[in-house]
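A short write-up of the structure that comes next.
Counting convention: from 1, in listed order, for ligands and their atoms alike. Values below: every heavy atom of this structure, side chains too, minus hydrogens, waters and symmetry copies.
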Amino acid sequence: MKLIKAMRGTRDIYDVESLKFNFIEDAAKELLENYGYGRIITPTFESTDLFKRGIGEGTDIVDKEMYTFSDRGDRSITLRPEGTAPVVRSYLENKTYAKEDLTKYYYINNMFRYERPQAGRYREFYQIGVEILGNGSPMADAEVISMGYRLMEKLGIEDLKVNINSVGGNETRAKYRELLVNYLTPKKDGLCTDCQNRYETNPLRVLDCKNKGCQELTVDAPMLPDNLNAKEKNHYETVKKYLDMFGVEYVENPRLVRGLDYYSSTVFEVTTEKLGSQGTVLGGGRYDNLIKQIGDKEVSAVGFGSGVDRLMMLLAEDKVSNTPDVYVSWLGEENIDYAFLVANTLRDNGVKVYIEYAPKSANAHRKKAFKLGAKREILIDSKSKANKTLGLKELSSRDVEVVNFDELLGKIK
Ligand code: ATP
Ligand code: MG
C-alpha cells in the first residue's frame, strides 16, 4: 500500500521539537499573563470576507497565500492566515468595546498560508501574538515592543535586532506616497520585477525590498519619519523614551514599512541573521485603521505576531529536557504488579517516573535508564515486596542504597 505522508509544508512536532514548542509556549504564557493579558482562542477558520476586508486585496496573503474553499453549505471559508483580523472580529461581534475601554489579549495559534515551503517557512505554522484594543497611547506601543523583547530574553535567544519605525497616519502616508512615487518614477526601470509591481500597488514596500539593486537605487529616497507631523513625531519620540527607560535595545529603521496595509504609526520587527531570508521572528505595529476596515468603528489598537517555528530553530537544545527523576526497573514477571504500584505511588506524589511493561535483563534496564537520562534507578526484585525494601541506585555514581518503601519518597524528593 502506498504510504500516506503529511501534506507539503506541514509537519509533525515531537521529541525535542515538541519540548521546544512547550518551552516557548509556557514562557510566553507566563510572561504575557504577568503583563495582564488574557488568552483568546478564535476559530481555525473564518468567513473569507474577514481576511479580504481586514488584510486587504493587493497583499501577498490575500492574493496568493490563503487556504480558501467552499464548505458543504457553499460558504467561502478561509483557514486563518494571521491572528489579528479574527481577534478584531471577536471584539466587534462580542461588543467587547462596550464592556471595557481597554482590552489586552494574547493568542497562541496555528496559521495557514499557501507558500513555498523552506526552512522556517511552512504552510501550517504557529504564532504567538498580542493585541491591545481600545487605546492609542504610545505607552501601549512601548509595552507591546518591550514584551516582545522580554520574551526573546526569557527564551535566551541572542543576536536579535529590534527594528522600529513610524509610518505615520493616513494623511501623512498619502502625502509621503506621492513624494516617493515622484522620486521612484525616473528610476522605475532599474527596480526588480517585484518592486515594479510594488511601485504600482504599494510603493512604500519598495523601501524594504531585500534586493541589493533596489536598495542602492533608493539610498537617497525621502524617508517617512522625516515627513511625520508634530503629533506623530511626538508619539514616536514617546515610544522611544519608554523603550530607553525599559532598557530595550532597538535600532531605528526608516525603511521598515511591513507588509500589511492596516498599519499606522509605530511599526517594528525583530530579526536575526541566522535564518537566511526567513529572518523575521516577530513583527507588529499599531493598526488604528483595521477596526474601521472590518467593522466601521474607530478603535485604536496595537499588537505583534511572532513565529514559533522560527523561535524553535533559534532555541538552544540544552534549554529543554524531559528526563525522568526515576526509572523503575524490575526483574521477574511476578514482580510487575508491585513495581507498577511503586511507580504510580511515586507519580501520585509528583515524582517523574518511567517504567517499562515488558521484562528486560538488569543490563537492558540500566541502558534504557541512561538513555532516558534518569537520575536514579529503583531496583525491584523478588525480595522487594516481601521485605518492603527497594534498591535505590544513583545513576551517576552507581551507588546502591537499600531503602524501605516508606522512606523512599523522602529520599527522592
Ligand atoms: P515573512 O516576511 O517571513 O513572509 P511576514 O511579514 O509574512 O513574514 P507576518 O505576517 O508579520 O509575517 O507574521 C509574523 C511572523 O510569523 C513572521 O515574522 C514569522 O516569524 C512568522 N511567519 C510568517 N509566515 C510564516 C510561515 N509561512 N512559516 C513560518 N513562520 C511564518
Ligand atoms: Mg510572508
Side-chain angles (χ1 to χ4, degrees), residues 6-11 13 17 20-21 24-25 28 51 54-56 58-67 78-88 106-131 144-145 147-149 151-152 155 157 160-165 167 194-195 198 202 204-211 253 255-263 266-287 290 301-315:
M7 299 291 291
R8 190 164 141 78
T10 70
R11 74 205 199 284
I13 300 173
E17 289 300 294
K20 286 182 172 184
F21 193 103
I24 293 168
E25 187 176 50
F51 300 111
I55 303 169
T59 57
D60 282 354
I61 293 184
V62 171
D63 292 354
K64 298 187 241 166
E65 299 173 357
M66 294 208 301
Y67 273 91
T78 295
L79 303 182
R80 64 174 162 233
E82 58 100 53
T84 303
V87 167
V88 169
Y106 76 91
Y107 60 81
I108 304 174
N109 284 333
N110 49 351
M111 305 290 161
F112 305 84
R113 292 186 196 174
Y114 194 82
E115 297 199 72
R116 195 170 67 78
Q118 48 195 302
R121 192 174 296 284
Y122 301 95
R123 290 183 172 173
E124 181 182 21
F125 62 99
Y126 296 82
Q127 276 188 358
I128 295 169
V130 303
E131 317 288 355
V144 164
I145 298 171
M147 266 191 320
Y149 187 79
L151 179 60
M152 302 303 141
L155 298 174
I157 296 177
L160 295 172
K161 198 161 128 191
V162 180
N163 297 272
I164 65 166
N165 191 22
V167 296
D194 275 347
C195 280
R198 288 177 188 138
N202 192 353
L204 270 66
R205 291 232 67 192
V206 172
L207 291 180
D208 69 358
C209 179
K210 305 280 182 287
N211 187 306
N253 177 357
R255 289 175 176 263
L256 179 66
V257 295
R258 310 259 318 122
L260 306 177
D261 288 344
Y262 55 59
Y263 287 112
T266 315
V267 291
F268 53 92
E269 255 179 22
V270 180
T271 55
T272 172
E273 305 271 307
K274 290 184 182 157
L275 300 179
S277 54
Q278 275 64 253
T280 309
V281 296
L282 183 149
R286 179 162 278 292
Y287 52 91
L290 178 64
V302 57
F304 72 62
S306 177
V308 176
D309 311 78
R310 294 183 194 175
L311 296 177
M312 283 163 67
M313 294 167 82
L314 297 170
L315 188 74

Counting heavy atoms under 4.0 Å, the part of Gln127 that contacts ligand 1 is side chain
Checklist entry - Judging by distance only, is a nitrogen or oxygen of Glu115 under 3.5 angstrom from one on ligand 1? => result yes
min-distance protein heavy atom vs atom 11 (O) of ligand 1 -> Arg258 NH2, 2.6 Å
query: Crowded around Tyr114 OH? As in, over 12 foreign heavy atoms under 6.0 Å?
result: no
Counting heavy atoms under 4.0 Å, the part of Gln278 that contacts ligand 1 is neither
When distances are taken from atom 8 (O) of ligand 1, the protein heavy atom at minimum range is Arg310 NH1, 4.5 Å
In ligand 1, the atoms that come under 4.0 Å of a heavy atom of Gly307 are 15 (C), 16 (O), 20 (O), 21 (C)
Atom 17 (C) of ligand 1 has as its nearest protein heavy atom Thr280 O, 3.8 Å
Atoms of ligand 1 under 4.0 Å from any heavy atom of Gly305, numbered from 1 in the order shown, are 14 (C), 15 (C)
Exercise. Any non-hydrogen protein atom below 4.0 Å of atom 27 (N) of ligand 1?
Worked result: yes
Rounding to 0.5 Å, atoms CG (Leu256) and OH (Tyr263) come to a distance of 10.0 Å
protein heavy-atom neighbour closest to atom 22 (N) of ligand 1 works out as Phe125 CE1, 3.5 Å
Quick note on ligand 1: atoms under 4.0 Å from a heavy atom of Gly120 include exactly 28 (N), 29 (C), 30 (N)
for atom 2 (O) of ligand 1, nearest protein heavy atom and its distance come out as Arg121 NH2, 4.3 Å
With heavy atoms and a 4.0 Å threshold, my read on which part of Val281 contacts ligand 1 is backbone
closest protein heavy atom to atom 12 (O) of ligand 1 is Arg113 NH1, 3.7 Å
